Trainee: 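The structure follows.
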Protein chains: 2
Amino acid sequence: MLIPQLVSEGLLTEPNSAKGRLLAASAALFKQKGFSRTTVRDIAAEVGILSGSIFHHFANKESILRTIMLEAIYLVLARMKLTIADLDSCEDKMRALLRCELEAIHGLNGIGFTLLSAEWRFLSDESQSEILKLRGEYEAFHRNIYTEAKSLGHINVEPFFIRHFVRGALIETANWYHLHGDLPLEGLVEQIYLTTAVKW
Amino acid sequence: MLIPQLVSEGLLTEPNSAKGRLLAASAALFKQKGFSRTTVRDIAAEVGILSGSIFHHFANKESILRTIMLEAIYLVLARMKLTIADLDSCEDKMRALLRCELEAIHGLNGIGFTLLSAEWRFLSDESQSEILKLRGEYEAFHRNIYTEAKSLGHINVEPFFIRHFVRGALIETANWYHLHGDLPLEGLVEQIYLTTAVKW
DNA sequence: CCAAAAACCAAGCGCTTGCTTTGGTGGAGT
DNA sequence: ACTCCACCAAAGCAAGCGCTTGGTTTTTGG
């Protein structure tokens with residue numbers, strides 16, 4: 001599996017440890033009520049400890065959010081590279097990346113990824129720039145595929161714009177698309193693929 | 001002008017009144033720091049009064065946000081209808097609506113519209129459903145244009161999906177596109193128009 | 001088996017929050 | 001001249017916040 005490997009590399013927290021459970025519970029609450037409306041007492045109650053005990057694991061409340069976000073990017077980055085590794089055609093890669101990002105947005109790798117765009121502003125300046133760097137790597141990965149697609153004639157709008165538009169469209173799906181609904185994930189991938197990346 | 005008319009209809013607060021200045025200052029702070037990190041003392045200081053005086057104009061802090069959002073929708077709805085009124089071709093209408101929404105997103109009609117998506121969750125359930133109703137009217141307006149475009153053969157993806165994708169793409173521009181930068185607003189409109197609504 | 005380390009508890013401090021209360025002022029209407 | 005009312009300053013309340021502290025329990029590894 002991918003997760004145990006990332007844990008052993010020190011990028012992810014062991015999910016079954018006390019700290020890991022704290023992260024999972026916090027992420028769930030942050031998604032449900034937002035960071036600022038979630039109190040450390042809420043988090044503690046969710047895992048069955050007292051609020052003060054949280055600060056044995058984290059320096060402060062913000063560093064919980066920071067850790068959740070960092071690990072979410074580590075995971076999605078690793079998953080992206082793994083998915084693409086054994087694909088040759090550019091079209092397949094584009095679809096795979098669309099699917100990969102949609103899975104992350106809809107919580108199939110944990111709920112941390114959703115928080116990245118929603119609770120961004122609650123991080124300190126230092127944490128923000130720390131994550132910004134990883135996000136740059138993530139975005140470059142996507143943009144590179146579109147650059148390749150453009151050179152092959154699969155799209156004819158600048159990769160810069162395509163990527164920005166696609167990212168917005170995908171993020172917005174969190175507000176209207178439901179897994180387990182009528183439309184399977186593959187169908188959603190195909191719809192946005194047709195809309196943005198078809199040669200004409 | 002449009003705004004004085006809406007004021008006289010009771011939909012908008014007179015911008016130069018004490019209440020109007022309070023709304024503008026609050027909106028600016030909410031956008032800058034977010035709703036939950038903005039205190040009533042911050043707002044009061046911004047307009048030069050004490051925090052207690054705010055509650056002569058508003059029942060509570062949430063109703064400030066609620067009013068900002070309601071008036072933002074009233075304004076953008078009125079502007080949309082006005083813009084489209086004297087257009088005939090469907091393509092022109094699509095471009096006009098794209099431009100209209102982008103202008104709202106980038107604060108050309110005040111900053112209330114931006115808050116609609118970002119600070120949504122801080123409203124009470126009643127306020128949320130109140131705004132949801134207006135938002136339905138707003139979305140129907142956009143979707144109708146795409147339905148017309150589909151029947152005319154300008155697009156061949158379902159209006160339902162197109163509208164969702166476009167909305168996401170437009171909202172996301174708030175995080176990367178800058179007015180007064182290299183790309184004029186018309187150019188941005190054209191890029192997304194080409195990406196989403198071109199017959200092939 | 002036992003000491004070290006990790007995890008947690010009980011209590012509460014210092015501060016900020018949204019909101020209230022009270023007591024007043026100035027200006028418009030009659 | 002009088003009333004009324006929109007408006008505001010000052011002070012403060014009750015509640016809740018993140019976080020600290022000192023000490024206890026639980027887990028772990030040699």
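Below, chains carry the letters A, B, ... as their sequence lines are ordered, and counting in each starts from 1. Every value quoted in this text rests on a predicted model; they were computed, and no experiment measured them.
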Trainee: Would you grab the first and last nucleotide of DNA chain D (5' to 3') that comes under 4.0 Å of any non-hydrogen atom in chain A?
Mentor: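 Boundary nucleotides touching chain A, in 5' to 3' order, are dC17(D) to dT20(D).
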Trainee: So, does H56(A) get its side chain near the phosphate of dC8(C), meaning an N or O under 4.0 Å from OP1 or OP2?
Mentor: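 For H56(A), the contact criterion (side-chain N or O under 4.0 Å from OP1 or OP2 of dC8(C)) is not met.
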Trainee: Mind checking if L50(B) touches a base, just sugar-phosphate, or nothing, with heavy atoms under 4.0 Å?
Mentor: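 Since a base atom lies under 4.0 Å of L50(B), the category is base.
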Trainee: What pairs meet the salt bridge (Lys or Arg N to Asp or Glu O under 4.0 Å) rule with one or both residues in residues 3-32 of chain A, with sequence neighbours excluded?
Mentor: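 Of all non-adjacent pairs touching residues 3-32 of chain A, none passes salt bridge (Lys or Arg N to Asp or Glu O under 4.0 Å).
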Trainee: What residues, two or more places apart in sequence or in another chain, satisfy salt bridge (Lys or Arg N to Asp or Glu O under 4.0 Å) together with R41(B)?
Mentor: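 For R41(B) there are no salt bridge (Lys or Arg N to Asp or Glu O under 4.0 Å) partners, ignoring immediate neighbours.
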Trainee: Test of understanding: with side-chain contact (heavy atoms from CB on, under 4.5 Å), list the residues that count as partners of T147(B), not counting sequence neighbours.
Mentor: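 Expected list: P159(B).
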Trainee: Would you please name every residue forming a salt bridge (Lys or Arg N to Asp or Glu O under 4.0 Å) with R121(B), sequence neighbours left out?
Mentor: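 Scan of R121(B) (salt bridge (Lys or Arg N to Asp or Glu O under 4.0 Å), adjacent residues dropped) gives E119(A).
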Trainee: For nucleotides 19-22 of chain C, print each protein N/O atom paired with a nucleotide N/O atom at under 3.5 Å, atom names and distance only.
Mentor:
unit_1: dC19(C); atom_1: OP2; unit_2: K61(B); atom_2: N; d: 2.6
unit_1: dC19(C); atom_1: N4; unit_2: S51(B); atom_2: OG; d: 3.3

Trainee: If the condition is salt bridge (Lys or Arg N to Asp or Glu O under 4.0 Å), which residues does D42(B) pass it with, not counting sequence neighbours?
Mentor: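 Once residues adjacent in sequence are excluded, the partners of D42(B) under the salt bridge (Lys or Arg N to Asp or Glu O under 4.0 Å) criterion are K33(B).
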Trainee: Between Y177(B) and Q191(B), does any side-chain donor sit less than 3.5 Å from a side-chain acceptor?
Mentor: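 Side-chain D/A pair, Y177(B) to Q191(B): absent.
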Trainee: What pairs meet the ring pair (Phe, Tyr, Trp, His ring centres under 6.0 Å) rule with one or both residues in residues 38-96 of chain B, with sequence neighbours excluded?
Mentor: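 Listed once each, the pairs would be none.
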Trainee: Write out all pairs satisfying salt bridge (Lys or Arg N to Asp or Glu O under 4.0 Å) with one or both partners inside residues 170-189 of chain A, taking only residues at least two apart or from two chains.
Mentor: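 The answer is R99(A)-E186(A), E172(A)-R167(B).
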Trainee: Please give me every residue in residues 12-37 of chain B whose heavy atoms get under 4.0 Å of an atom in DNA chain D, ordered by residue number.
Mentor: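 Those residues: none at all.
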Trainee: Among residues two or more places apart or on two chains, list those pairs meeting ring pair (Phe, Tyr, Trp, His ring centres under 6.0 Å) that have a residue in residues 5-35 of chain A.
Mentor: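 Checked against ring pair (Phe, Tyr, Trp, His ring centres under 6.0 Å) - neighbours excluded - the pairs reaching residues 5-35 of chain A are F30(A)-F35(A), F35(A)-F122(A).
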Trainee: So, using side chain to side chain donor-acceptor pair (under 3.5 Å) as the criterion, who are the partners of K93(B) when residues are at least two apart?
Mentor: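 Partners of K93(B) by the side chain to side chain donor-acceptor pair (under 3.5 Å) criterion come out as none, since no residue qualifies.
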